Amino acid sequence: QVQLVESGGGLVQPGGSLKISCVASGRTFSSYAMGWFRQAPGKEREFVATINWSGSRSSYVDPVKGRFTISRDNAKNTVYLQMNNLNAEDAATYYCAAAQLDWAGWSAGAYDYWGQGTKVTVSS
(Lines give C-alpha, C1' and ligand atoms only; values in the text may rest on other atoms or scores of the structure.)
Protein backbone atom coordinates (compact mmCIF):
# COMPACT_ATOMS: atom_id res chain seq x y z
CA GLN A 1 0.00 0.00 0.00
CA VAL A 2 1.26 3.46 -0.91
CA GLN A 3 -0.07 6.70 0.47
CA LEU A 4 0.50 9.90 -1.50
CA VAL A 5 0.30 13.39 -0.06
CA GLU A 6 0.50 16.42 -2.32
CA SER A 7 1.48 19.91 -1.25
CA GLY A 8 2.52 23.26 -2.64
CA GLY A 9 -0.63 24.36 -4.37
CA GLY A 10 -1.91 27.89 -4.06
CA LEU A 11 -2.68 31.14 -5.81
CA VAL A 12 -0.31 32.35 -8.52
CA GLN A 13 -0.56 35.16 -11.03
CA PRO A 14 -0.67 34.46 -14.77
CA GLY A 15 2.87 34.03 -16.01
CA GLY A 16 4.05 32.96 -12.58
CA SER A 17 5.62 29.75 -11.35
CA LEU A 18 4.77 27.14 -8.77
CA LYS A 19 6.35 23.87 -7.68
CA ILE A 20 4.14 21.19 -6.23
CA SER A 21 5.32 18.08 -4.43
CA CYS A 22 4.06 14.63 -3.63
CA VAL A 23 5.50 12.55 -0.82
CA ALA A 24 4.93 8.79 -0.87
CA SER A 25 4.90 6.46 2.08
CA GLY A 26 6.63 3.11 1.99
CA ARG A 27 10.09 1.85 1.21
CA THR A 28 9.53 0.90 -2.42
CA PHE A 29 8.96 4.35 -3.92
CA SER A 30 11.82 3.88 -6.37
CA SER A 31 10.02 0.94 -7.97
CA TYR A 32 6.98 3.01 -8.94
CA ALA A 33 6.39 5.11 -12.00
CA MET A 34 4.79 8.39 -10.98
CA GLY A 35 2.39 10.73 -12.67
CA TRP A 36 0.62 14.04 -12.27
CA PHE A 37 -2.97 14.53 -13.37
CA ARG A 38 -5.27 17.52 -13.00
CA GLN A 39 -8.95 18.21 -12.89
CA ALA A 40 -10.58 21.58 -13.39
CA PRO A 41 -14.12 22.28 -12.20
CA GLY A 42 -16.64 20.77 -14.59
CA LYS A 43 -13.97 18.90 -16.54
CA GLU A 44 -12.65 15.38 -16.55
CA ARG A 45 -9.36 14.47 -14.96
CA GLU A 46 -6.55 14.73 -17.47
CA PHE A 47 -2.98 13.55 -17.71
CA VAL A 48 -0.27 16.15 -17.18
CA ALA A 49 3.10 14.41 -16.85
CA THR A 50 4.71 11.12 -15.98
CA ILE A 51 8.16 9.90 -15.00
CA ASN A 52 9.65 6.44 -14.88
CA TRP A 53 11.03 4.75 -11.79
CA SER A 54 14.57 6.10 -12.18
CA GLY A 55 13.73 9.57 -13.44
CA SER A 56 15.45 8.96 -16.76
CA ARG A 57 12.30 9.17 -18.87
CA SER A 58 9.35 11.55 -18.77
CA SER A 59 6.41 12.57 -20.89
CA TYR A 60 4.02 15.52 -20.95
CA VAL A 61 0.68 16.48 -22.36
CA ASP A 62 1.16 18.92 -25.23
CA PRO A 63 -0.23 22.10 -23.58
CA VAL A 64 2.39 21.95 -20.80
CA LYS A 65 5.43 20.93 -22.83
CA GLY A 66 8.24 23.41 -22.34
CA ARG A 67 6.54 24.93 -19.28
CA PHE A 68 6.24 22.05 -16.79
CA THR A 69 8.95 19.71 -15.54
CA ILE A 70 8.38 16.52 -13.60
CA SER A 71 11.20 15.19 -11.46
CA ARG A 72 11.71 12.83 -8.56
CA ASP A 73 14.02 12.28 -5.62
CA ASN A 74 13.88 8.63 -4.67
CA ALA A 75 15.91 9.24 -1.53
CA LYS A 76 13.14 11.54 -0.32
CA ASN A 77 10.22 9.49 -1.70
CA THR A 78 9.10 12.62 -3.48
CA VAL A 79 7.98 13.58 -6.96
CA TYR A 80 7.78 17.19 -8.07
CA LEU A 81 6.06 19.22 -10.74
CA GLN A 82 7.68 22.54 -11.57
CA MET A 83 5.17 24.72 -13.38
CA ASN A 84 6.30 27.88 -15.18
CA ASN A 85 4.47 30.51 -17.20
CA LEU A 86 1.14 29.46 -15.74
CA ASN A 87 -2.09 30.52 -17.37
CA ALA A 88 -5.77 30.31 -16.53
CA GLU A 89 -6.11 26.95 -18.30
CA ASP A 90 -3.66 25.44 -15.80
CA ALA A 91 -5.93 26.16 -12.84
CA ALA A 92 -7.08 22.85 -11.41
CA THR A 93 -6.65 20.40 -8.61
CA TYR A 94 -3.46 18.46 -9.26
CA TYR A 95 -3.26 14.81 -8.30
CA CYS A 96 -0.21 12.65 -7.82
CA ALA A 97 -0.44 8.99 -8.83
CA ALA A 98 1.79 5.94 -8.48
CA ALA A 99 1.95 2.87 -10.69
CA GLN A 100 3.61 -0.46 -9.90
CA LEU A 101 5.42 -0.29 -13.20
CA ASP A 102 8.73 0.94 -14.53
CA TRP A 103 6.80 3.18 -16.93
CA ALA A 104 3.09 3.98 -16.74
CA GLY A 105 2.37 6.50 -19.48
CA TRP A 106 -0.64 8.76 -19.81
CA SER A 107 -3.53 6.46 -18.97
CA ALA A 108 -5.08 6.96 -15.54
CA GLY A 109 -6.01 3.29 -15.50
CA ALA A 110 -2.34 2.33 -15.28
CA TYR A 111 -1.95 3.96 -11.87
CA ASP A 112 -2.69 2.10 -8.67
CA TYR A 113 -2.57 4.79 -6.01
CA TRP A 114 -3.77 8.38 -5.90
CA GLY A 115 -3.33 11.34 -3.62
CA GLN A 116 -6.04 13.71 -2.44
CA GLY A 117 -4.89 16.57 -4.63
CA THR A 118 -3.55 20.07 -4.24
CA LYS A 119 -5.37 23.05 -5.71
CA VAL A 120 -3.68 25.49 -8.06
CA THR A 121 -5.41 28.77 -8.76
CA VAL A 122 -4.15 31.10 -11.48
CA SER A 123 -5.55 34.58 -11.18
CA SER A 124 -4.47 38.19 -11.10
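Values below: every heavy atom of this structure, side chains too, minus hydrogens, waters and symmetry copies. Quick caveat, the model's predicted, so the values are computed rather than measured.
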**Message:** Do Ser54 and Ser56 pair up side chain to side chain, a donor and an acceptor below 3.5 Å, judged on atom types alone?
**Reply:** yes

**Request:** Could you tell me whether a side-chain N or O of Ser25 sits under 3.5 Å from a main-chain N or O of Gln3, the two making a donor and an acceptor?
**Result:** yes

**Message:** With heavy-atom distances below 4.5 Å as the criterion, would you say the side chains of Met34 and Leu4 are in contact?
**Reply:** yes

**Request:** Give every residue pair that meets the ring pair (Phe, Tyr, Trp, His ring centres under 6.0 Å) criterion with at least one member in residues 100-124, sequence neighbours excluded.
**Result:** Phe37-Tyr111, Phe37-Trp114

**Asked** Considering residues at least two apart in sequence or located in another chain, which fulfil the side-chain hydrogen bond (donor to acceptor under 3.5 Å, both in side chains) criterion with Glu46?
**Response** Arg38

**Request:** Report the residues that fulfil side chain to side chain contact (heavy atoms under 4.5 Å, CB included) with Ala88, sequence neighbours left out, ordered by chain and then residue number.
**Result:** none

**Prompt:** Is the number of heavy atoms from other residues, nucleotides or ligands within 6.0 Å of CD (Gln116) greater than 12?
**Reply:** no

**Rounded distance (nearest 0.5 Å) linking atom CD1 of Ile20 with atom NZ of Lys119** = 14.0 Å

**Prompt:** What pairs of residues pass the disulfide (SG to SG under 2.5 Å) test when at least one of them lies in residues 57-124, not counting sequence neighbours?
**Reply:** Cys22-Cys96

**Request:** Write out all pairs satisfying side chain to side chain donor-acceptor pair (under 3.5 Å) with one or both partners inside residues 8-22, taking only residues at least two apart or from two chains.
**Result:** Ser17-Asn84

All N/O donor-acceptor pairs, side-chain side in residues 62-72, below 3.5 Å, sequence neighbours left out:
from	atom 1	to	atom 2	distance (Å)
Asp62	OD1	Lys65	NZ	2.9
Arg67	NE	Pro63	O	3.3
Arg67	NH1	Asn85	O	3.0
Arg67	NH1	Asp90	OD2	2.7
Arg67	NH2	Pro63	O	2.9
Arg67	NH2	Asp90	OD1	3.0
Arg67	NH2	Asp90	OD2	3.4
Arg72	NE	Trp53	O	3.4
Arg72	NE	Asn74	OD1	2.7
Arg72	NH1	Tyr32	O	2.7
Arg72	NH1	Asn52	O	2.7
Arg72	NH2	Phe29	O	2.9
Arg72	NH2	Tyr32	O	3.0
Arg72	NH2	Asn74	OD1	3.2

**Request:** Determine yes or no for a side-chain-to-main-chain donor-acceptor pair under 3.5 angstrom, with Thr78 supplying the side chain and Lys76 the backbone.
**Result:** yes

